[in-house]
> 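Got a structure for you, written out below as structure tokens; questions coming shortly.
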Amino acid sequence: MKNKFNLHVISDSLYFLKIIWKIHPRRVIFSFVGQIFSYMEWAFFSVVFMKYLFGAAEFGRGFPETAAFIAISMGVIFLTTGFQIWMKARYEPCTDPLLYEKLNEMLFEKATNVDIACYEDAAFYDTYTKAASQAYDRAQSVLDNTSGMIGAFGASVYVVATIFSIHWVAGLFCFLPMIGNFFFSKVINRIEYEKSMEAIPYTRRQNYVNRVLYLSRYAKEIRMTNIKNVLDDTYDEAYEGILEITAKYWKRLCGLGLMRGVFCFPLVFEGMWLFAAYCAIVTKTILIGDFVVLANAIVSTTWMLSDLTDRIAQNYQNGLFAKTLRDFMMYRADIPEDADGLPVPEKVETLELRNVSFQYPAQKKEGKYALSQVNCTFTAGRRTALVGHNGSGKSTLIKLLMRLYDPTEGTILLNGVDIREFNLQQYRRLIGTTFQDFELFSMSVLENVILGKLETEAQREAAVEALQKSGALEQMEKLEKGVDTVLTREFDENGAVLSGGQAQKIAVARTFAKDAPVVLLDEPSSALDPMAEYQMYETIMELCGREKDKIAIIISHRLSSAAMADTICLLQDGRLREQGTHLDLMEKHGIYADMFMKQAESYLQNC
């Protein structure tokens, strides 16, 4: 089993090499050529050059012949060194950004294709974090180490063969550092890997604190509250955790490092030098030139073989990280973004939930449900308000309709057909959405509305019209560059920072700009003042009215606004408890009527 595991690690390490080859095969070839030149240059000087130079007198070579050899050698070295300098100064800086871009593009593409549920799974999120943070550095390390292994192996074979040709006993000294270094490096790298894996939860906490203190959206809370003390404690705890892990491993790492250093270098060097001196001075079985070659060759061979084993061990460690990336890339989503299926109907008439229940991954262990046995039908031309306390299942229902999740039990039907039967991207294009936890991007106002690149005048007109409908256009036109002003100051010091209400109007404008047959609005007015909220709901109801033939579903905590809808669905503890018009539900004197009256009393008391 151990050998199989090792083979898997090697295979996982080469997985990185395959990725780089696919992105830029010439970079792989040049890296191998550069590494081979580097090691062969080392071997040439320590063996061929020294043997020729110190053997000149013994073999009767004249000065002109020796000078010519030195000149040719310098010319060759000049060319190979020039190539290596060009690689480092010109070629690698030009190709590194491409490798970085393509590797991250690959990760981002995969990340956007995994199920939303994965982001609520700590184990998966750890895997993704490891893959994303390590991919580029590990890929480069595999390329450097693999090409270095080939170069070191070729040069080492030549130098070791030369040493054996001088004296077979001397050749045995070459394998001591290789054996020792391979053993120690493998153990050390394994411990380093364990240490790194154990530290990940703590480094994630530190990174979280760094991110919170850096991002502007947390700035006000940090300055106006004592939350920074909690963040400081979180950072300190993570720091202490890392220190504890360091203390746990440092003795083993130092002891192994010291043993490797002594066994692989001083003992081997001194042993070879003593043996060569004995052969040259006492037994006179080797020439002075051979003595010089052995003295130089053992140093270069030791370093090359040690480097070879270091690179093998490093690739072993890279393979452990590569497995994380491979596992992430091999993940198969339950709802793949490229899922094909039936074409969506031209006209949307009904959207029905039939016996729908849903559990989030964390709830499955406890047997709890976010939604339980929900049955309701949304019809084109009717506006439905979803109401209920926090945690009642409203946002979960919206996510199921968008097919960000699939029901645990039951089905959702579009015009009587299970939505899982439709092409996923086509289905989602039927839906215009405003999220409760929306985000603005560091791009222009209009690009934030259409959530894409403005390519046509028609797109621009649609975005401006959507801003008008959401009530944001007048305010956006007052910005320095009007609707072309960049939002946030992430990349533009003159960017606009919007208020919560302004930002929410931008989010609602996105839904208007899409002009989809199904409209899902999750708390579209939570940041608006009462008058702006009333105007917003009037606009929404008008734009989603019967004559528009749209299915409109709106989540609202403010029941005075929800009362404007054609139908009200009240959720409680994940179940659909009441359903009907505002007047119907008020006459029932049930949960909805009680909630409405309490809100109304609260408003009156505050007047």
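Every heavy atom of this structure was used, including side-chain atoms; hydrogens, water molecules and symmetry mates were not.
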> Between Thr246 and Lys195, does a side-chain contact (heavy atoms from CB on, under 4.5 Å) hold up when you go through it step by step?
CA-CA 8 Å; Thr246 302; Lys195 177 185 172 185; 4.1 Å; yes
> About how many Å separate OH of Tyr249 and CG of Leu256, when rounded to the nearest 0.5 Å?
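These two atoms lie 13.0 Å from each other.
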> Among all residues two or more places apart in sequence or in another chain, which pass the salt bridge (charged side-chain N to carboxylate O under 4.0 Å, His left out) test with Asp340?
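Once residues adjacent in sequence are excluded, Asp340 has no partner under the salt bridge (charged side-chain N to carboxylate O under 4.0 Å, His left out) criterion.
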> With a 4.5 Å cut-off on side-chain heavy atoms, are Glu194 and Arg190 touching?
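Sidechains of Glu194 and Arg190: in contact.
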> Among side-chain atoms of Gln140 and Asp96, is any donor-acceptor pair under 3.5 angstrom?
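Side chains of Gln140 and Asp96: pair found under 3.5 Å.
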> Hey, can you tell me if Phe30 and Tyr91 have their rings parallel, tilted or perpendicular (30° and 60° cut-offs)?
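Rings of Phe30 and Tyr91: tilted, 30 to 60°.
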> What distance do Asn104 atom CG and Tyr136 atom OH have between them, rounded to the nearest 0.5 Å?
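It is 10.0 Å, given to the nearest 0.5 Å.
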> Looking at Phe164, I'd like to know if its CZ atom is crowded, meaning that more than 12 non-hydrogen atoms belonging to other residues, nucleotides or ligands lie closer than 6.0 Å.
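More than 12 within 6.0 Å, yes.
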> Considering residues at least two apart in sequence or located in another chain, which fulfil the salt bridge (charged side-chain N to carboxylate O under 4.0 Å, His left out) criterion with Glu192?
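If we apply the salt bridge (charged side-chain N to carboxylate O under 4.0 Å, His left out) test to Glu192, skipping adjacent residues, there are no hits.
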> Verify the distance criterion only: is there a donor paired with an acceptor across the side chains of Glu480 and Thr485 at less than 3.5 Å?
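Short answer, no.
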> In Å and rounded to the nearest 0.5 Å, what is the OH to CG distance from Tyr208 to Leu231?
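That separation rounds to 6.5 Å.
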> Please enumerate all residues that pass side-chain hydrogen bond (donor to acceptor under 3.5 Å, both in side chains) together with Gln425, with sequence neighbours excluded.
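Gln425 satisfies side-chain hydrogen bond (donor to acceptor under 3.5 Å, both in side chains) with Glu337 only.
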> Walk me through whether Ile150 and Phe32 qualify under side-chain contact (heavy atoms from CB on, under 4.5 Å).
CA-CA 8 Å; Ile150 300 299; Phe32 273 76; 3.5 Å; yes
> Could you tell me whether Lys248 and Glu244 make a salt bridge, using a distance below 4.0 angstrom between a side-chain N and a carboxylate O?
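Not counted as a salt bridge, because no side-chain N and carboxylate O are separated by less than 4.0 Å.
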> Taking the side chain as C-beta and beyond, is there a heavy-atom pair between Met476 and Ile506 under 4.5 Å?
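They are in contact (side-chain heavy atoms under 4.5 Å apart), so the answer is yes.
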> Any side-chain donor-acceptor pair under 3.5 Å between Arg27 and Thr95?
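Note: Arg27 and Thr95 side chains meet the donor-acceptor criterion.
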> What's the spacing between Leu440 CG and Arg510 CZ if we round to 0.5 Å?
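It comes to 5.5 Å.
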> Could you give me the CA-CA distance, side-chain angles and deciding distance for Arg403 and Leu424, then say whether side-chain contact (heavy atoms from CB on, under 4.5 Å) is met?
CA-CA 8 Å; Arg403 214 185 160 210; Leu424 181 62; 3.8 Å; yes
> Can you tell me how far apart CD (Gln84) and CD (Gln35) are? Round to the nearest 0.5 Å.
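It is 8.0 Å, given to the nearest 0.5 Å.
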> Can you sort out the partners of Arg311 under salt bridge (charged side-chain N to carboxylate O under 4.0 Å, His left out), two or more places apart, ordered by chain and number?
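Here the qualifying residues are Asp307.
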> Please round to the nearest 0.5 Å and tell me the distance separating atom CZ of Arg138 and atom CG of Asn318.
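With rounding to 0.5 Å, CZ (Arg138) is 5.0 Å from CG (Asn318).
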> Could you go through the side-chain contact (heavy atoms from CB on, under 4.5 Å) check for Glu455 and Ile450 one step at a time?
CA-CA 11 Å; Glu455 296 178 339; Ile450 66 168; over 6 Å; no
> Taking only residues two or more places apart in sequence or in another chain, which ones pass side-chain hydrogen bond (donor to acceptor under 3.5 Å, both in side chains) with Ser38?
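Scan of Ser38 (side-chain hydrogen bond (donor to acceptor under 3.5 Å, both in side chains), adjacent residues dropped) gives none.
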> Holding to salt bridge (charged side-chain N to carboxylate O under 4.0 Å, His left out), I want the full list of residues that pass it with Glu92, two or more places apart in sequence or in another chain.
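So Glu92 forms a salt bridge (charged side-chain N to carboxylate O under 4.0 Å, His left out) with Lys88.
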> Look at atom OH of Tyr100 and say whether more than 12 heavy atoms of other residues, nucleotides or ligands are closer to it than 6.0 Å.
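No - once you tally the heavy atoms of other residues, nucleotides and ligands closer than 6.0 Å, there are 12 at most.
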> Compare all side-chain heavy atoms of Ser444 with those of Leu487 and state whether any distance is below 4.5 angstrom.
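No, too far: nothing below the 4.5 Å cut-off.
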> Whether Arg460 and Asp484 form a salt bridge (side-chain N of Lys/Arg under 4.0 Å from carboxylate O of Asp/Glu) is what I want to check.
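Salt bridge flag = yes for Arg460 with Asp484.
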